[in-house]
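A, B, ... follow the sequence lines: proteins, then strands. Residue 1 opens every chain. Since we're looking at a predicted model, the values are computed, not measured.
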Number of protein chains: 2
Amino acid sequence: MKKQSGEQPLGVKEIARRANVAIATVDRVIHNRPGVSPKTKSKIEAIIRELNYQPNILARRLASRHVLRLATLLPKVSSEETDFWTLPVAGIQKAEEEIKQFGVKIEPYYFDLNNRKSFAKVAKQILKNPADGILLAPSFIEESVSFIRSCKELKIPYVFINSDIPQQESLCYIGPDLFRSGYQAGQLIHYCTPRDTRVLVLNVSHEIEDHHHLLRKEEGLRAYFANTARPIVKKDIQQTDPASIEKVLTKALQQHPDTRAVFVTNSRVAAVSRFLEKRARKNKDQNILLIGYDFTKENVSRLDQGHIDFLICQQPGEQGYRGIMALYQHLVMKVPVEKTHFMPIDIITKENHAFYI
Amino acid sequence: MKKQSGEQPLGVKEIARRANVAIATVDRVIHNRPGVSPKTKSKIEAIIRELNYQPNILARRLASRHVLRLATLLPKVSSEETDFWTLPVAGIQKAEEEIKQFGVKIEPYYFDLNNRKSFAKVAKQILKNPADGILLAPSFIEESVSFIRSCKELKIPYVFINSDIPQQESLCYIGPDLFRSGYQAGQLIHYCTPRDTRVLVLNVSHEIEDHHHLLRKEEGLRAYFANTARPIVKKDIQQTDPASIEKVLTKALQQHPDTRAVFVTNSRVAAVSRFLEKRARKNKDQNILLIGYDFTKENVSRLDQGHIDFLICQQPGEQGYRGIMALYQHLVMKVPVEKTHFMPIDIITKENHAFYI
DNA sequence: CTGAAAGCGCTTACAG
DNA sequence: CTGAAAGCGCTTACAG
């Protein structure tokens with residue numbers, strides 16, 4: 001079949017012909033470049049509208065000598081802490097694979113989640129040789145706000161993934177709705193445990209920065225049980241080593257022997273599962289439901305062994321992939337991008353994790 | 001930044017220069033077209049290998065006057081039955097939107113799920129003016145096998161979605177692992193109901209063709225409980241009207257008053273939920289867990305009202321999207337395609353359905 | 001069996 | 001402020 005049987009899409013050539021100008025002039029108008037008299041400009045613009053001109057992206061990228069650079073600013077993957085960020089990075093690579101044909105190049109930068117100064121330092125590096133677009137995880141709010149202020153000045157679009165800073169004019173946010181994920185955890189607990197038993201909420205984190213995020217999940221959980229008599233107790237564990245976890249948990253469970261569900265508000269659920277496993281061996285009668293977050297290697301392995309019951313996951317790979325694609329859509333295709341994209345709240349179990357990601 | 005600073009990707013021009021032939025001859029070799037002497041051919045092939053030549057897809061699609069036609073053969077969406085197939089269709093449209101710039105066109109064909117002859121009829125239409133690739137839901141096995149026999153003869157690649165016919169040399173299969181989804185349902189029942197209570201499996205379908213699929217799900221569920229004492233009973237309901245469902249269910253629940261979970265092996269779970277709702281009103285004491293399949297409008301609405309507990313879903317939209325993309329990858333990008341792609345087994349609840357799809 | 005040339009719809013120096 | 005022309009890396013008639 002031959003192309004364009006029927007409605008021939010008209011191009012710059014036809015626009016130039018109708019406007020009685022050279023193609024180069026049409027090009028100037030299309031890209032809003034200077035050097036066109038107002039009169040010529042409006043004439044060409046009228047014709048563009050009339051023809052409903054759609055640029056041919058293939059031709060554009062083929063002819064252009066400009067390669068589009070996208071910088072990513074994400075936490076470094078640290079095997080000691082959590083390998084969560086390997087998945088977004090993989091998603092970003094997949095996106096790059098798909099669009100590198102179109103002259104898009106990704107420049108990855110990494111900061112240390114335990115060191116807010118490293119964020120600022122790496123951010124400064126990015127600004128030294130600014131990319132055309134930026135994808136970032138705004139883990140440190142203050143530093144992120146300062147960084148994107150510079151981006152705004154340079155008119156560089158930026159996308160947030162995994163956590164949001166609202167009201168910052170980002171191109172878009174792609175990540176979880178923390179509150180609703182906590183709410184979902186509430187429902188699972190409701191289904192799986194007797195309704196008069198206690199729920200223990202654990203925030204295991206020394207990163208104070210995280211706290212706001214963890215609180216939103218806790219709020220979601222509490223909201224689910226708002227109109228019930230369900231007893232809920234919360235513990236913050238700031239030291240994340242096994243001994244500290246053991247100490248806090250032992251005490252909490254002694255204090256509240258009616259606990260039948262533990263909700264860990266982040267990926268540290270694996271560490272908690274270790275303690276509960278040990279405890280269950282001594283104490284056969286008590287079966288405690290354990291729910292936590294994130295598809296890390298360790299969590300999945302603990303899930304598979306039956307020491308974690310549910311993991312709530314939000315497609316971290318897809319977040320990276322879509323973040324890049326959003327920048328691409330915006331910069332190359334020039335199509336509008338959805339401002340907020342909440343990821344599905346996926347419930348991962350021993351039985352379905354093999355099909356995830 | 002200028003393009004190709006560094007490793008200049010070499011193209012046909014350079015190959016032609018090195019082989020001392022015209023570009024047209026290189027093109028013939030690249031596309032394995034006739035009219036090249038064996039000697040010239042092998043010489044060019046050697047250079048292509050040596051240079052690790054990667055064709056520029058942009059240039060290829062821009063220069064080519066050939067538009068790639070992909071036919072889709074799917075069940076017609078019938079509002080009376082189920083709107084399940086609207087989602088794959090939407091996924092296909094999304095894919096088309098993304099790749100129509102590259103001269104890909106989708107030609108949709110629909111058959112009637114209640115009429116196997118309609119499948120054969122529409123399939124014949126497709127063969128009258130064969131597309132370059134085909135995406136189909138092989139709902140009727142015999143007719144599908146006969147259709148793809150013709151496709152094989154014509155060397156047209158085809159992709160199965162939603163259900164598979166193994167050993168048919170399809171380019172790939174994209175859809176659920178039915179057995180494992182039944183297994184997952186088993187786990188949810190295990191978590192949510194007392195372990196000595198009964199599980200009722202319902203196959204609600206007059207389409208005998210379906211039966212094999214439904215059985216796989218049932219087998220998965222039974223496998224989960226294989227080494228337990230859990231009582232399981234199965235009922236087939238061949239008439240799908242409310243009265244027939246009511247009749248069978250009333251009898252089954254009378255016969256087995258210890259039933260605390262009902263597993264419906266397909267999207268007909270909404271109809272079952274109607275009966276159970278009615279029954280619960282009369283019979284307050286008995287709370288029965290209800291699990292079924294598919295993200296149809298009606299099912300989601302029943303889920304939202306609390307009359308269905310869990311829906312197992314397998315990203316129908318994504319199946320359509322990926323099916324088209326697989327054909328595109330194969331035909332345009334010429335990259336190898338994964339033979340089997342099982343979709344995640346998603347657990348959808350009242351609390352997370354709003355974030356799905 | 002092989003090659004020279006036009007063209008796909010754009011962008012980009014460069015000249016005026 | 002404007003235009004003529006070369007070129008992006010391919011494919012496609014057409015000529016020999």
(message) If I take atom OG from residue B:Ser150 and atom CD1 from residue B:Ile156, how far apart are they, to the nearest 0.5 angstrom?
(response)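 That separation rounds to 9.0 Å.
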(request) To the nearest 0.5 Å, tell me how far B:Lys41 NZ sits from B:Ile48 CD1. (result)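 Answer rounded to 0.5 Å: 10.0 Å.
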(request) Check every strand shown and say whether B:Ile23 touches a base, only sugar-phosphate, or nothing at a heavy-atom separation below 4.0 Å. (result)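 Here B:Ile23 touches the bases of the nucleic acid.
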(message) Applying a 4.0 Å non-hydrogen cut-off, can you work out what B:Gly11 is touching in the nucleic acid: base, sugar-phosphate, or nothing?
(response)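 Since only primed, P, OP1 and OP2 atoms lie under 4.0 Å of B:Gly11, the category is sugar-phosphate.
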For residues 93-100 of chain A, run the donor-acceptor check on the side chains, cut-off 3.5 Å, and write out each pair with its distance to 0.1 Å, sequence neighbours left out.
unit_1	atom_1	unit_2	atom_2	d
A:Glu96	OE2	A:Ile106	N	3.3
A:Glu97	OE2	A:Lys100	NZ	3.0
A:Glu98	OE1	A:Tyr321	OH	2.8
A:Glu98	OE2	A:Tyr321	OH	3.3

Side-chain N or O of [X] versus OP1/OP2 of [N]: is the shortest distance under 4.0 Å?
X       : N     : answer
A:Thr40 : D:dT2 : yes
A:Thr25 : D:dT2 : no
A:Ser64 : D:dC8 : no

(message) Both atom distances under 3.5 Å, Watson-Crick or G-U wobble: I'd like the secondary structure of DNA chain C as a dot-bracket string, with | for pairs made across strands.
(response) |||.||||||||.|||
Nearest-Å distance for atom pair [atom1]/[atom2], residues [X] and [N]:
X       : N     : atom1 : atom2 : value
A:Ile15 : C:dG9 : CD1   : C1'   : 11 Å
B:Ile57 : C:dG9 : CD1   : C1'   : 18 Å
A:Asn20 : D:dA4 : CG    : P     : 11 Å

Out of [options], whichever nucleotide has its closest atom nearest the side chain of [X]:
X       : options               : result
A:Arg33 : C:dG7, C:dC10, C:dT12 : C:dT12
A:Arg28 : D:dA4, D:dC8, D:dT2   : D:dT2
B:His66 : D:dC8, D:dT12, C:dT2  : D:dT12
A:Ala24 : D:dT12, D:dC1, C:dT12 : C:dT12
A:Leu62 : C:dC10, D:dC8, C:dC8  : D:dC8
B:Ala59 : D:dG9, D:dT12, C:dC10 : D:dG9

(request) Kindly indicate whether the side chain of A:Tyr109, heavy atoms from C-beta on, has any atom under 4.5 Å from the side chain of A:Leu74. (result)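 Contact flag for A:Tyr109/A:Leu74 side chains = no.
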(request) Would you indicate whether the side-chain heavy atoms of A:Phe111 and A:Pro75 approach each other to under 4.5 Å? (result)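 Yes, side chains in contact.
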(request) Let me know, please, whether A:Lys41 or B:Val12 comes out on the 5' side of the other along DNA chain D by nearest nucleotide. (result)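 Its nearest nucleotide being more 5', the pick is A:Lys41.
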(message) So, under a plain 3.5 Å distance rule, would you say the side chain of B:Arg61 forms a donor-acceptor pair with the base of D:dG9?
(response)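 Answer no: no donor N or O sits under 3.5 Å from an acceptor.
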(request) Evaluate the ring planes of B:Tyr328 and B:Phe102, with Trp represented by its six-membered ring, and classify them as parallel (under 30°), tilted (30 to 60°) or perpendicular (over 60°). (result)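 Aromatic pair B:Tyr328/B:Phe102 classed tilted.
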(message) Is it true that, when you exclude B:Lys339 itself, more than 12 heavy atoms of the residues, nucleotides or ligands shown sit nearer than 6.0 Å to its NZ?
(response)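 Result for NZ/B:Lys339: enclosed.
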